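Take a look at the structure below.
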Amino acid sequence: MFELLKTDPSSKARLGRLTATHGVIETPVFMPVGTQGSVKALDLRELHETGTQIILGNTYHLNLRPGLEIITAAGGLHRFINWDKPILTDSGGFQVFSLAKIRKVKPHGVEFRSHLDGSLCFLGPKESMEIQRVLGSDIAMVFDECPAHDSPAKEQKLAVERTIRWAGECREQPRAPGQLVFGICQGGVNPALREECARALVAMDFDGYAIGGVSVGEPEPEMMKAVELAEPHLPAHKPRYAMGLGTPAQLVELVARGVDMFDCVLPTRVARNGTAFTRRGTVNIKAGFNKADFRPIEEGCECFACRHHTRAYLRHLLNVNEILGLRMLSVHNSHLFLKVMAEMRAHLAAGTFAEFRREFIANYTPTKKVLLARAAVGER
C-alpha cells in the first residue's frame with residue numbers, strides 16, 4: 001500500500017509511493033481541495049495539466065448537497081465528477097472547528113445546525129464513515145474533534161480522548177472496496193497529548209496517519225511544533241499527512257520534517273483575491289505597479305496563464321471582475337504548488353534535496369504575518 005523508496009540523509013524528508021484503488025500516488029504530494037466535488041475555478045483538463053494526482057472531497061458538504069441519493073445514482077463520487085484518479089474525503093471533523101457557532105459536541109458525535117437552512121443534523125463516527133463508504137473515496141479520514149489552537153488545556157485533553165474513542169469506532173465500520181482509512185492525531189502543542197494520541201492511533205493500525213489541529217489559526221511556529229511533536233510517534237512504513245497546509249515554503253520545510261501528504265485551499269482562495277504565489281513569495285496582481293507590466297506572473301513558469309497572459313492583462317481582468325482573471329491565477333498557483341512538489345520528489349530521488357531546500361527557502365519571502373510570528377518566537 002505504501003512503499004518508502006528513499007530517505008534524505010540531511011533531514012527527515014521521504015520519497016514514497018502510495019497505491020490506491022484509482023491509481024498510484026507519488027509522494028511527497030500536494031492534494032488540491034475540491035470541497036464540493038470541484039476544485040474551485042479549475043476544470044478537469046487543468047487539473048490533469050498541472051499534474052494533479054489526487055483531490056479532496058468533503059463529507060459534511062457533499063452529504064448536504066447534492067446528497068448521497070444523487071451521488072449513489074451517479075455511481076459514486078468518482079463517476080459523479082468524472083475524475084478517474086484517487087480521491088481523499090475529509091470526515092467532516094474539521095467542521096467541528098469551523099462551524100463552532102452552530103454545533104454541539106456530544107459523546108457520540110456532533111450535532112449541527114445546517115449552514116444552509118438551519119435544519120438539525122448529526123455527524124459522528126458511524127455516520128461519517130457510512131457517508132465516505134457511499135462516496136467511494138480511495139482514502140477515508142476518521143471522524144475527529146479539531147479544537148482551536150488556543151483552546152484551554154482541559155478542552156484539548158477532552159478532544160484527544162474523544163478523537164481516540166471515535167477513531168476506534170471508525171475502525172470498525174464497513175468500507176468501500178479497497179478504501180483506505182487514515183487516523184488523525186490531535187493534541188495541539190502539548191507533547192504529552194500528541195504522543196498519547198499518536199500511540200493510541202498507531203495501536204489501531206490504520207493505513208496512514210494525519211496530523212490534525214494545524215491550520216486552525218495558529219502562528220507558523222506553533223504549526224511546525226505540532227508536526228514535530230507528532231511525527232516521531234508515527235510509523236515510518238505508513239504515509240503521514242499534514243492537514244490543511246501550507247504555503248510553498250512551508251511545504252518544503254514540512255517535507256523536511258517527514259510529512260508525505262498535504263492539502264490546502266490557499267492556491268485557489270488567494271487567487272480569487274488577486275494574489276499569485278511565486279518562488280519568491282506572493283504578488284498582488286491587482287496592484288498598480290502591474291498596470292503596464294507585460295511580463296508573465298513569473299518568468300520561466302510553464303503554466304497556461306504565464307505562457308499566454310501578462311500581469312497587465314490579468315490585473316485588468318481582476319479589476320473589472322472578469323472571471324478569467326481569477327481562473328488564470330488559480331491555474332498559476334495550483335501549477336506552482338504541484339511543480340514544487342514534483343521538484344522535491346526529483347531532488348529526493350537524486351539525493352540533492354538539501355541543496356534544493358536551502359536555495360528555495362533563501363529565495364522565498366514569507367508574508368509579514370509569518371515574519372512577525374517568527375520574530376515573536378525569537379524574542380522569547
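Computed from a predicted model, the values in this text were never measured in an experiment. Below, each value reflects all heavy atoms present in this structure, side chains not excepted, and no hydrogens, waters or symmetry copies.
- Atom CZ of R79 sits about 12.0 Å away from atom CG of D84, to the nearest 0.5 Å.
- In summary, R279 and E343 engage in a salt bridge, as defined by a charged side-chain N under 4.0 Å from a carboxylate O.
- N63 meets the side-chain hydrogen bond (donor to acceptor under 3.5 Å, both in side chains) test with no other residue; sequence neighbours excluded.
- A search for side-chain hydrogen bond (donor to acceptor under 3.5 Å, both in side chains) contacts involving H22 returns H78, D138, not counting sequence neighbours.
- At a threshold of 4.0 Å, the pair E111-R103 does not count as salt-bridged, since none of the basic side-chain nitrogens sits closer than that to a carboxylate oxygen.
- For the side chain to side chain contact (heavy atoms under 4.5 Å, CB included) with F304, the qualifying choice from E46, M328, H335 is M328, the only one to do so.
- A salt bridge does not link E220 with K369: every distance from a Lys NZ or Arg NE/NH1/NH2 to an Asp or Glu carboxylate oxygen is 4.0 Å or more.
- Using a 4.0 Å cut-off between a side-chain N of Lys or Arg and a carboxylate O of Asp or Glu, E228 and R257 qualify as a salt bridge.
- Salt bridge annotation for R199-E195: present, with a cationic side-chain nitrogen under 4.0 angstrom from a carboxylate oxygen.
- The pair E169-K126 fails the salt-bridge criterion, with no side-chain N (NZ, NE, NH1 or NH2) lying under 4.0 Å from an Asp/Glu carboxylate O.
- Atom CG of D207 is separated from atom CZ of R171 by 7.0 Å, given to the nearest 0.5 angstrom.
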Check: Given the rule in the ring pair (Phe, Tyr, Trp, His ring centres under 6.0 Å) test, do Y60 and F112 qualify, once you have shown the distances and angles that lead to the verdict?
Finding: CA-CA 10 Å; Y60 169 82; F112 290 92; 5.2 Å; yes
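- Atom-to-atom distance recorded for Y364:OH and Q250:CD is 7.5 Å, nearest 0.5 angstrom.
- Taking every heavy atom of both residues into account, G246 and F337 meet most closely at O-CE2, 3.1 Å.
- With rounding to the nearest 0.5 Å, the separation of CD in Q53 from CE in M261 is 9.5 Å.
- Scanning for side chain to side chain contact (heavy atoms under 4.5 Å, CB included) contacts around A210 gives M141, I184, Y241, M243, with sequence neighbours left out.
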